[in-house]
Amino acid sequence: MTDSATKGLKPKHQRLVLLSLALVALIGAGLLAAWALRNQASYFYLPSEIIAEAPAPDQGVRLGGMVEMGSIEEQPDGTTIRFIVEDGTAKVPVSFTGIAPALFVEGSGVVAEGKMSADGVFVADNLLAKHDENYMPKELDGMTQEQVRKQVEATLE
Amino acid sequence: MIPEIGLAALWLAAALAALQLLGGLLGAGENGHPLAGVVRPAAVLQAGLCGLSFLCLLYVFALTDLSVLLVANNSHSMKPLIFKLAGAWGNHEGSMLLWVTVMALAGGAIALIERRLPERTMLATLGAQAFVGLGFYAFLLLSSNPFERLVPVPPEGNGLNPLLQDIGLAFHPPTLYVGYVGLSVAFSFAVGALLTRSVTPEFARVMRPWVLGAWIFLTIGITAGSYWAYYELGWGGWWFWDPVENASLMPWLAATALLHSASVLAARDALRTWTIMLGVVAFSMSMVGTFLVRSGILTSVHAFAVDPERGSFILALLAINIGGALAVFATRASTVSEGERFSPMSREGALVVNNVMLSAILGIVLLGTLYPLLTEAFDVKVSVGPPYFDPVGAIFFYPMLAVLVIGPLLRWRKDSFARVKWPVLIAAALGLAVLVAAALLSDISLLALLGLALSVAVAVSSFVPLRGRSLRRLPIAVWGMCIGHFGLAVALFGMSADSAFQQERLIASNVGDVVNIGPWQARLDAVKPAAGPNWVAMEAEMKVSYQGGEWRDARPQARHFWTPPQETSEVALITRWNGQLYVAIGNQTQDGRWQLRLWWKPFVTWIWYGGLLIALGGSLALVGRVAGDLRRRSAKGKLAERREEQEASA
């Protein structure tokens, strides 16, 4: 080990240099991730929440609630539907262009992914509906008892 | 009777694991301890018993024995046989039995084959393997018994989730599990080497084929899973950053880093502690993945049981195993002396970059996957998707690829840029040319643009290590490296081209209408009902033509299953060498038109060809390494024989 590139560095120092480089990169990655997560995570809203505090129009979010009975309206282009999502206290009109899942029906739970436009219509680019008896989108699963009760009442009315 | 045999075999295997742990610990602590002799036989016997237990489970599923709770809940007598068998692991209990079985088989295999390391290190390794195994036996036997009986016997079973009734399912989970659980061997070797203070190049050489094997299966599993999601979900995407996908990607990232650092340790005796750390991390990621997928804290087609008790059990196992390994690491890492030095401009230097970048990507994926769970603790619900993972991951992935253009050309220990200047400059120039051309041709996102350029540069440079060498005498492992790196370039090209050039059309079409999409024309001729053994469907009869050429059939279906009831979309895929036409049928509108969704996805298939090439590269490396080891072993044997002869004649 007499060549110039490795001579100056003792093994212990090389280990230290490598370790600090790795640490800097990993901490950098962590900070970057934390920053990006705050900005890029898509938050979940109930209709009452999204009305009280609307997200920025370019912010991707998820809106979850029940599809109001009798609210699904097919548009003339054949690929766009409009409907109303409600949580018992508030209602939000939703517009969705695409193929709706087969289990997307009125009176059932839905999570819409998309953006809240400035005119108060939620523009969805994806719909997650109840898959089967046992499956509910995770976000709806955690609704408080009060919210669920209200929804049931709203559905029965 | 058969289910009881399966259960008894499992209990016996668990008892043997306890014996193996005890013998391993005592044997590793003291040379020539009497219990040391039982360790290897216990590991082998355990593998046999687990295999028997798994066969019993397959048997009750094949016969649809509805007196077994698991069969009644997850199978149905009218399913085709292949899906009956696949149903054995298409549920929580069965998949955990598969996990334990693969783990026991891996442990049995190293006990049977591996004789190169010091015996005390092997005993500690097998002890560690038994320790991890015991936790999963406890989980299986105490909270997830797959052989539980059901009284009274129901007349019919509940069926299997239709999304999982696909030939992909028959092979996807076992493939991934071999990968996941195969990494337990790396974990055990790392712990064993630490405990007996023998972190040597030989240790890396012994561990490497096992990591390679697991990694090949992971690669295939991830590739197949991606293709499955692509054609089964009908959403046109091939990767959704779903937690379940991330759960398989994270061990792969760690194992990829481990493979590369192990090659530094094996060839140059450097990066000792780092390699050990990665060995621990890789299997830890497998366990984190299992926890995420199986605990039911995430909703997905993979989360079978929403049972908090099971979640806590896996979490406890995770804490014990990872915590224990890290404790061993913390107390022993300082006794591992520093390895050999190297200059930053060397093969080692490039591999360090590879490792740091892969670890950073791993951290980013892990944080993004766990973030929704963390915020849920504060009652804030979020989901994290491509807007986070794509750019943040690329910040580390792309520089790593840039280094990959140079790294394989460098010599070990110390090299100069001047020596490899020309091939690197040519690759960079080609990449740059592609960048400029693509940027001028159309409006492409920065990520896709850089991806196209880097994929070309990496593809060109990946075969440069072959230059000036006799192709016949070149070690197979070098071929493996070149093909693996080339595969990565092919996959990246497919991803970037799909994202840059794909076209999508969504329309409501009357029968007889013609739709244009990219170079394709598609005509809807009819929509008719179709039926299978456990489903009915609406099937669109379509004709499609590429650039006015011959009309080919495309028949997308919207399927309805009844056991259990569910709707799925069966897309029609028309494959050409330069891409795929992807057609899905939706719902019928009130005025009788049909919703159709079509994508033209240029070069999308290259993503999965690339994945397979990566796996092929790994397989060649594995064959090369094992063949090399065998040659060395026989050479050593001959040497010893000759010495004996000489001694005898003297």
* To do: Give the minimum heavy-atom separation between Ala25(A) and Val356(B), together with the two atoms involved.
  => CB-CG1, 3.2 Å
* **Contact class of Ile507(B) relative to chain A, heavy atoms under 4.5 angstrom** => backbone
* Structure fact -> Correct closest heavy-atom pair for Val392(B) and Ala36(A) would be CG2-CB, 3.5 Å
* For the student: nearest non-hydrogen atoms of Arg62(A) and Ser383(B), plus distance -> NE-OG, 3.0 Å
* Structure fact -> If one checks every heavy atom of Ile585(B) against chain A at 4.5 Å, the contacting part turns out to be backbone
* Check each atom of Ile81(A) against the heavy atoms of chain B and say whether the ones under 4.5 Å are side chain, backbone, both or neither. => neither
* **Closest contact, heavy atoms only, Ala360(B) versus Ala29(A)** => CB-CB, 3.7 Å
* How far apart are the C-alpha atoms of Ser42(A) and Val384(B), what are their side-chain angles, what is the distance that settles it, and do they pass the side-chain contact (heavy atoms from CB on, under 4.5 Å) test? -> CA-CA 6 Å; Ser42(A) 143; Val384(B) 179; over 6 Å; no
* Interatomic distance, Thr273(B) atom OG1 to Leu18(A) atom CG [nearest 0.5 angstrom] -> 9.5 Å
* Structure fact -> All heavy atoms of Ala41(A) vs all of Val382(B), minimum pair found to be CB-CB, 4.1 Å
* Hey, does the side chain of Gln590(B) reach the backbone of Glu74(A) with a donor-acceptor pair shorter than 3.5 angstrom? -> no
* Which portion of Tyr371(B) sits near chain A, non-hydrogen atoms under 4.5 angstrom -> side chain
* Asked: How long is the gap from OH on Tyr388(B) to CG on Asn39(A), to the nearest 0.5 Å?
  -> 11.5 Å
* **Test item: Asn587(B) side-chain N/O and Ile99(A) main-chain N/O as donor-acceptor pair under 3.5 Å** => no
* What part of Leu37(A) is in contact with chain B, defined as an atom under 4.5 angstrom from a non-hydrogen atom: side chain, backbone, both or neither? -> both
* Can you measure from NZ (Lys381(B)) to CG (Leu46(A)) and round to the nearest 0.5 angstrom? => 7.0 Å
* To do: Check whether Val353(B) gets within reach of chain A through its side chain, its backbone, both or neither, counting any heavy atom under 4.5 Å.
  => neither
* Shortest non-hydrogen contact from Pro387(B) to Gln40(A)? -> CB-OE1, 3.4 Å
* **Residue among Asn355(B), Leu506(B), Thr375(B) with most heavy-atom pairs under 4.5 Å to chain A** => Leu506(B)
* **Under 4.5 Å from any heavy atom of chain A - which part of Ser346(B)** => neither
